[in-house]
Amino acid sequence: MSEPLILFARLKAQPGQAEALELALRGLVEPTRAEAGCLAYVLHRAVELPDTWLLYESWESRDALDAHFAQPYMQALMSRVPALVDGAVEMTFATAIGE
């Protein structure tokens with residue numbers, strides 16, 4: 001098996017949309033964790049930036065992540081991103097060092 005693909009995502013809520021964004025993101029956790037190829041999917045809220053959420057994701061492969069993005073619930077969220085998220089969703093891909 002190749003190295004897992006790690007994704008760190010950062011989303012900042014539009015003014016007045018923090019609760020709606022949190023609800024939408026919480027709705028992704030259970031179905032995403034049940035997906036084939038998902039090794040970890042953890043939602044965090046920034047302590048000092050309460051309108052900012054961070055996702056730590058670990059996937060078996062880029063194909064598994066691409067399949068995740070194609071899921072209907074992800075497509076539904078992505079269609080709401082402009083109304084919920086201030087700016088772009090920041091995504092950083094990584095691989096673990098020293099594991």
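Numbers here simply count residues along the sequence, with the first being 1. Because the structure is predicted, anything quoted here is derived from the model rather than measured.
The ring-ring contact (aromatic ring centres under 6.0 Å, His included) contacts involving residues 16-36 comprise nothing, where partners must be two or more places apart or lie in separate chains. For residues 17-38, there are no ring-ring contact (aromatic ring centres under 6.0 Å, His included) pairs, not counting sequence neighbours. Here side chain to side chain donor-acceptor pair (under 3.5 Å) pairs that include residues 77-98, with residues two or more places apart or in two chains, are R10-E90. Screening residues 29-42 for salt bridge (charged side-chain N to carboxylate O under 4.0 Å, His left out) gives no qualifying pairs among residues at least two apart or on separate chains. Annotation: salt bridge (charged side-chain N to carboxylate O under 4.0 Å, His left out) contacts involving residues 68-78, sequence neighbours excluded, are absent.
Within a 6.0 Å radius of CD in E19, no more than 12 heavy atoms belonging to other residues, nucleotides or ligands are found.
Applying the side chain to side chain contact (heavy atoms under 4.5 Å, CB included) rule to A46 yields the partners L49, T52; only residues at least two apart in sequence or on another chain are considered. Every residue two or more places apart in sequence or in another chain that forms a side chain to side chain donor-acceptor pair (under 3.5 Å) with R45 is listed here: E22. Taking the ring-ring contact (aromatic ring centres under 6.0 Å, His included) definition, one finds that F8 meets it with Y56, sequence neighbours left out. In terms of the side chain to side chain donor-acceptor pair (under 3.5 Å) criterion, residue partners of R62 (sequence neighbours excluded) are, by chain and number, D66.
Through ILVMFWY side-chain contacts below 4.5 Å, V47 is grouped with nothing and stands alone. Grouped by direct or indirect side-chain proximity (heavy atoms under 4.5 Å, Ile/Leu/Val/Met/Phe/Trp/Tyr only), L21 sits with L5, L7, L11, L25, L28, V29, Y41, L43, W53, L55, W59, L65, F69, Y73, M74, L77, M78, V81, L84, V85, V89, M91, F93.
A36 and A64 get closest at one heavy-atom pair: O-CB, 4.3 Å.
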